[in-house]
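What follows is one structure encoded as structure tokens, with my remarks underneath.
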Amino acid sequence: MNKVQLSGRPTRDPEIRDFVKKDNNGNDVDRKVASFILAVDIIAGRKQENALFVRCSAFGKTEEIIEERVRQGNKIIVEGYLHPNNYKKGDVSVYSIDVIAENIEFCSSKQNNSDETDLEQ
């Protein structure tokens with residue numbers, strides 16, 4: 001099973017990028033991806049030890065929700081799955097494990113402690 005659920009705050013507003021993907025018929029389809037870094041507190045016992053910074057990406061309806069509503073500092077819960085990622089940066093191969101967000105739950109923001117809202121894809 002590949003399932004992850006993280007609670008934290010984006011370190012900055014999400015980055016939205018356009019890209020083209022082939023559909024099942026080989027036609028180009030314009031798509032968007034929302035990317036952000038989620039700061040997740042690491043708590044040992046009763047005190048915060050450190051923070052873990054996790055790269056997250058979302059597509060489709062989840063991307064749209066993130067683009068409209070997620071801002072730096074919002075307390076959110078991200079549900080999704082782990083996805084291995086590798087690419088070349090110059091002559092160096094970079095490997096990472098990212099989270100592909102399928103659902104976002106809004107807990108609160110630093111500016112507004114509103115009621116909890118659950119948005120799912």
Side-chain angles (χ1 to χ4, degrees):
M1 175 183 282
N2 182 1
K3 183 99 172 146
V4 65
Q5 185 177 48
L6 300 169
S7 173
R9 298 180 189 274
T11 59
R12 63 178 187 264
D13 288 351
E15 177 183 335
I16 309 301
R17 293 186 317 271
D18 295 309
F19 69 99
V20 176
K21 183 175 179 170
K22 300 276 187 199
D23 66 10
N24 292 337
N25 298 322
N27 300 319
D28 289 343
V29 177
D30 292 330
R31 301 217 28 213
K32 287 185 176 185
V33 59
S35 301
F36 59 97
I37 305 293
L38 190 68
V40 179
D41 292 337
I42 299 172
I43 299 178
R46 293 187 175 189
K47 68 178 192 169
Q48 179 179 337
E49 290 290 325
N50 220 333
L52 175 66
F53 297 93
V54 181
R55 186 176 19 221
C56 300
S57 298
F59 305 90
K61 185 67 175 168
T62 305
E63 178 277 325
E64 293 172 14
I65 292 166
I66 290 170
E67 183 177 10
E68 290 174 12
R69 304 227 9 233
V70 172
R71 297 293 173 261
Q72 178 181 358
N74 291 138
K75 179 78 170 188
I76 60 175
I77 297 172
V78 175
E79 294 179 1
Y81 60 91
L82 299 175
H83 178 73
N85 190 15
N86 60 58
Y87 56 93
K88 286 271 197 191
K89 192 170 188 175
D91 292 338
V92 178
S93 293
V94 178
Y95 299 94
S96 66
I97 296 180
D98 302 341
V99 171
I100 303 300
E102 296 178 302
N103 299 309
I104 300 288
E105 183 176 325
F106 293 85
C107 301
S108 68
S109 68
K110 284 185 176 179
Q111 300 83 13
N112 178 11
N113 288 335
S114 60
D115 291 336
E116 190 175 294
T117 304
D118 186 16
L119 296 174
E120 295 188 7
Q121 181 173 334

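Checked against side chain to side chain donor-acceptor pair (under 3.5 Å), Lys89 has no partners two or more places apart in sequence or in another chain. For Lys22, the salt bridge (charged side-chain N to carboxylate O under 4.0 Å, His left out) partners are Asp28, not counting sequence neighbours. Qualifying salt bridge (charged side-chain N to carboxylate O under 4.0 Å, His left out) partners for Lys32, counting only residues two or more places apart in sequence or in other chains: Glu67. For Gln5, the side chain to side chain donor-acceptor pair (under 3.5 Å) partners are Glu79, not counting sequence neighbours. Considering only residues two or more places apart in sequence or on other chains, Asp13 meets the side chain to side chain donor-acceptor pair (under 3.5 Å) condition with none of them. In this structure, the side chain to side chain contact (heavy atoms under 4.5 Å, CB included) partners of Asn2, at least two apart in sequence or on a different chain, are Tyr81, Leu82. For the side chain to side chain contact (heavy atoms under 4.5 Å, CB included) test, residues two or more places apart in sequence or in another chain that qualify with Asn25 are Asp23, Asn27. For Arg17, the side chain to side chain contact (heavy atoms under 4.5 Å, CB included) criterion is met by Glu15, Val33, Ser35, not counting sequence neighbours. In this view, Lys3 satisfies the side chain to side chain donor-acceptor pair (under 3.5 Å) rule with no residue, not counting sequence neighbours.
Each of Ile76, Leu38, Ile100 was checked for a side-chain contact (heavy atoms from CB on, under 4.5 Å) with Cys56, and the lone residue meeting it is Leu38.
Ile77 places none of its side-chain heavy atoms less than 4.5 Å from the side chain of Ile104. Proximity of Arg71 to Pro10: side-chain heavy atoms (C-beta onward) are nowhere separated by under 4.5 Å. By the 4.5 Å heavy-atom criterion applied to side chains, Phe36 and Arg12 are not counted as neighbours. Side-chain contact between Ile66 and Phe59 is absent, with no heavy-atom pair separated by less than 4.5 Å. Contact annotation: the side chain of Val20 approaches that of Asp30 to within less than 4.5 Å [non-hydrogen atoms, C-beta and beyond].
To the nearest 0.5 Å, atom OG of residue Ser57 and atom CG of residue Asn85 are 8.0 Å apart. Note that CD of Glu63 and CD1 of Ile65 are 9.5 Å apart. Values are rounded to the nearest 0.5 Å. The CG atom of Asp98 sits 4.5 Å away from atom CZ of Arg55, with the distance rounded to the nearest 0.5 Å.
Under a hydrophobic-cluster definition in which Ile, Leu, Val, Met, Phe, Trp and Tyr are linked whenever side-chain heavy atoms come within less than 4.5 Å, directly or via other members, Ile42 and Ile97 are assigned to the same cluster. Note on Tyr87 and Phe19: separate hydrophobic clusters, where clusters join Ile, Leu, Val, Met, Phe, Trp and Tyr whose side-chain heavy atoms are under 4.5 Å apart, directly or indirectly. In this structure, Ile16 is not a member of the same hydrophobic cluster as Val78, with clusters built from ILVMFWY side-chain heavy atoms closer than 4.5 Å.
Under the 4.5 angstrom side-chain criterion for Ile, Leu, Val, Met, Phe, Trp and Tyr, the cluster partners of Ile37 are Phe53.
For the pair Gly73 and Arg9, the tightest heavy-atom approach, listed with the atom from each and the gap, is O-NH1, 2.6 Å.
The neighbour count for Leu52 CG, taken as heavy atoms of other residues, nucleotides or ligands under 6.0 Å away, is above 12.
Judged purely by atom type and a 3.5 angstrom limit, Thr62 uses its side chain to pair as donor or acceptor with the backbone of Glu102.
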